[in-house]
Chemist: 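Please see the structure below; I have some questions.
Remember, predicted model here, so these are calculated numbers, not experimental data. Numbers here simply count residues along the sequence, with the first being 1. Every number for a ligand or one of its atoms is a count from 1 in the order of the listing. Computed over heavy atoms, backbone and side chain alike; hydrogens, waters and symmetry mates excluded.
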Amino acid sequence: MSPDTVLDELVSAAQSSFAAARSPADLENAKAQFLGKAGRVTELMKGLAALSVEDKKTRGAAINQTKQAIEAALTARRQALAQAELDAQLKAEALDVSLPGRQRSTGGLHPVSLTLERIEAIFGSMGFDVAQGPEIETDWFNFTALNTPEDHPARSMHDTFYVEGGTEAAPNLLRTHTSPMQIRYAVQHVKKHRAMLDRGELMPEIRVIAPGRTYRVDSDATHSPMFHQCEGLWIGENVSFKDLKVVFTDFCRTFFETKDLVLRFRPSFFPFTEPSAEIDIQFQQGPLAGRWLEVAGSGQVHPNVVRHMGLDPEKYIGFAFGMGPDRLTMLRYGVNDLRLFFDGDLRFLSQFN
Ligand code: PHE
């Protein structure tokens, strides 16, 4: 075999060895066989030592060419393997942008929440503050301070959820109405304006609504053990029943978006108001036209309650009302079963958004 044939064969051997390498690690092993310290090209170089100066030149040049050809083959294979690796990675990580997107469902407000927001906005525009109070109350705020006698039926086990305890620190019942907020808010208000009152000046009026959850032992199509109420309170030097009528009529007409709505103040009784009235509304048009519908209890705040607020009932007078946002929601949307609001069925709830 001529020396050149040996060199040519060495290049093809390297090429096929590199081609057989399936990974960069395989390729580095193959490279060592040819270009490593004990590799075949190195062996050839060592053989030069025995040759004459003339032969060294020609043979040396030929070996160098062989070496360069092998190095070129190595580089080409390295690049091919790197490209294959990249292709595989891109394929594995590929996103199919033609797939349909995953829909993100949007939440919505509960119909009763929509009503509460509406109530707050309407009374807010009439200058009423919005207050929140505790749902676990003391006997004092829920009953006693509201002039409710010891033997009042609302205090019985059948009507009220009692819990362990019974002190200011450990309240003992789930509030049966939002009326305790009349006392809580007024007491804070009076405290804030103590200095003015002590100087014999007139304090700014109390004008507040207090929406929230309330609880009674009651359950049927129109009563739920948990339900909502919204209290209203306006106390000043000269706040009369006429103001109650104006404010509440305005509220109802704005809430139901109709002027064709009549109100009736039907004499009633509450321990904490005197005189007291149930407020009924009547639509003149639509499916409910002509029927009287009860929406709130109300009245002029009882002097004993004004006293428990820390105010002189000879100087301060006003009205309070307690309405049912659940009822208002049923009337506004034509819902006939109160329990639908609290079952959490999305087929029902999603219709309001
Ligand atoms: N708290 C009464 C109820 O729950 C409603 C009411 C509130 C009546 C304020 C008069 C004044 O029925």
Chemist: Answer with yes or no whether the side chains of E278 and S268 bring together a donor and an acceptor at under 3.5 Å.
Modeler: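 Looking only at side-chain atoms, E278 and S268 do form a donor-acceptor pair, the distance falling under 3.5 Å.
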Chemist: With a 4.0 Å cut-off, would you call R78 and E71 a salt bridge?
Modeler: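 Between E71 and R78 there is no salt bridge, as every charged N stays at least 4.0 Å from the carboxylate O atoms.
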Chemist: To the nearest 0.1 Å, how far is atom 9 (C) of ligand 1 from its closest protein heavy atom, and which atom is that?
Modeler: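 Checking every protein heavy atom, the shortest distance to atom 9 (C) of ligand 1 gives E231 OE2, 3.3 Å.
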Chemist: Can you confirm, on distance only, whether ligand 1 has an N/O atom lying under 3.5 Å from any N/O atom belonging to T176?
Modeler: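 In this structure, T176 places no N or O atom under 3.5 Å from an N or O of ligand 1.
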Chemist: Would you call R175 a ligand 1 contact, heavy-atom distance under 4.0 Å?
Modeler: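 No; R175 lies far enough from ligand 1 that no heavy-atom distance drops under 4.0 Å.
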Chemist: Mind checking whether F272 contacts ligand 1 via backbone (N, CA, C, O), side chain (CB onward), both or neither, at a 4.0 Å heavy-atom cut-off?
Modeler: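 The answer is the side chain of F272.
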Chemist: Answer yes or no: is there an ion pair linking R40 with E9, defined by an N-O contact shorter than 4.0 Å?
Modeler: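 No salt bridge links R40 with E9.
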Chemist: Would you name the heavy atoms of G236 and V239 that are closest together and state the gap between them?
Modeler: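 Nearest heavy atoms, G236 then V239: N-CG2, 3.5 Å.
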Chemist: Which of these, G297, A154, G299, has its nearest heavy atom closest to atom 6 (C) of ligand 1?
Modeler: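 Considering heavy atoms of G297, A154, G299, the nearest to atom 6 (C) of ligand 1 sits in G297.
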Chemist: Less than 4.0 Å between a side-chain N and a carboxylate O, is that true for E137 and R184?
Modeler: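 Looking at R184 and E137, the cut-off is met.
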Chemist: So does D345 pair up with R347, basic N to acidic O under 4.0 Å?
Modeler: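 Result for this pair is yes, salt bridge flagged.
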Chemist: Number the atoms of ligand 1 from 1 as they appear, then name those within less than 4.0 Å of a heavy atom of Q182, with their elements.
Modeler: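 Within the 4.0 Å cut-off of Q182, ligand 1 contributes 9 (C).
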Chemist: Could you tell me if the side chain of M181 sits less than 4.5 Å from the side chain of Q132, heavy atoms only?
Modeler: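 They are not in side-chain contact.
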Chemist: Got a salt bridge between D139 and R155, using NZ or NE/NH1/NH2 to carboxylate O under 4.0 Å?
Modeler: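 Result for this pair is yes, salt bridge flagged.
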Chemist: To the nearest 0.1 Å, how far is atom 4 (O) of ligand 1 from its closest protein heavy atom, and which atom is that?
Modeler: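 Residue, atom and distance for the closest contact: R216 NH2, 2.8 Å.
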Chemist: Which ligand 1 atoms does A320 reach within 4.0 Å, using its non-hydrogen atoms?
Modeler: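 So the answer, numbered in order with elements, is 9 (C), 11 (C).
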Chemist: Any atoms of ligand 1 less than 4.0 Å from a non-hydrogen atom of S298? List them with their elements.
Modeler: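 Answer, ordered by atom number: 8 (C), 10 (C), 11 (C).
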Chemist: Provide, to 0.1 Å, the distance between atom 7 (C) of ligand 1 and the closest protein heavy atom, together with that atom's residue and name.
Modeler: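 Closest protein heavy atom to atom 7 (C) of ligand 1: G322 N, 3.3 Å.
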Chemist: Does M323 have a heavy atom less than 4.0 Å from any atom of ligand 1?
Modeler: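 In this structure, M323 fails to qualify as a contact of ligand 1 - no heavy atom is under 4.0 Å.
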Chemist: Any idea which atoms of ligand 1 are less than 4.0 Å away from a heavy-atom of S179?
Modeler: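 Those of ligand 1 that fall under 4.0 Å from S179 are 1 (N), 7 (C).
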Chemist: Assess, by modelled atom type and distance only, whether the side chains of T176 and N142 contain a donor and an acceptor separated by less than 3.5 Å.
Modeler: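 On atom types as modelled, these side chains qualify, holding a pair under 3.5 Å.
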Chemist: Against heavy atoms of Q229, which atoms of ligand 1 measure under 4.0 Å?
Modeler: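 Taking each heavy atom of Q229 in turn, ligand 1 has 3 (C), 4 (O) under 4.0 Å.
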Chemist: Are E294 and R327 ion-paired here, with the side-chain N under 4.0 Å from a carboxylate O?
Modeler: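 Judged by the 4.0 Å cut-off on N to carboxylate O distance, E294 and R327 do not form a salt bridge.
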Chemist: For atom 12 (O) of ligand 1, find the nearest protein heavy atom and state the residue, atom name and distance (0.1 Å precision).
Modeler: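 Ranking protein heavy atoms by distance from atom 12 (O) of ligand 1, first comes F270 CE2, 3.7 Å.
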Chemist: At a 4.0 Å cut-off, with the gap strictly under it, does some heavy atom of F319 reach an atom of ligand 1?
Modeler: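 Not so, F319 does not reach ligand 1.
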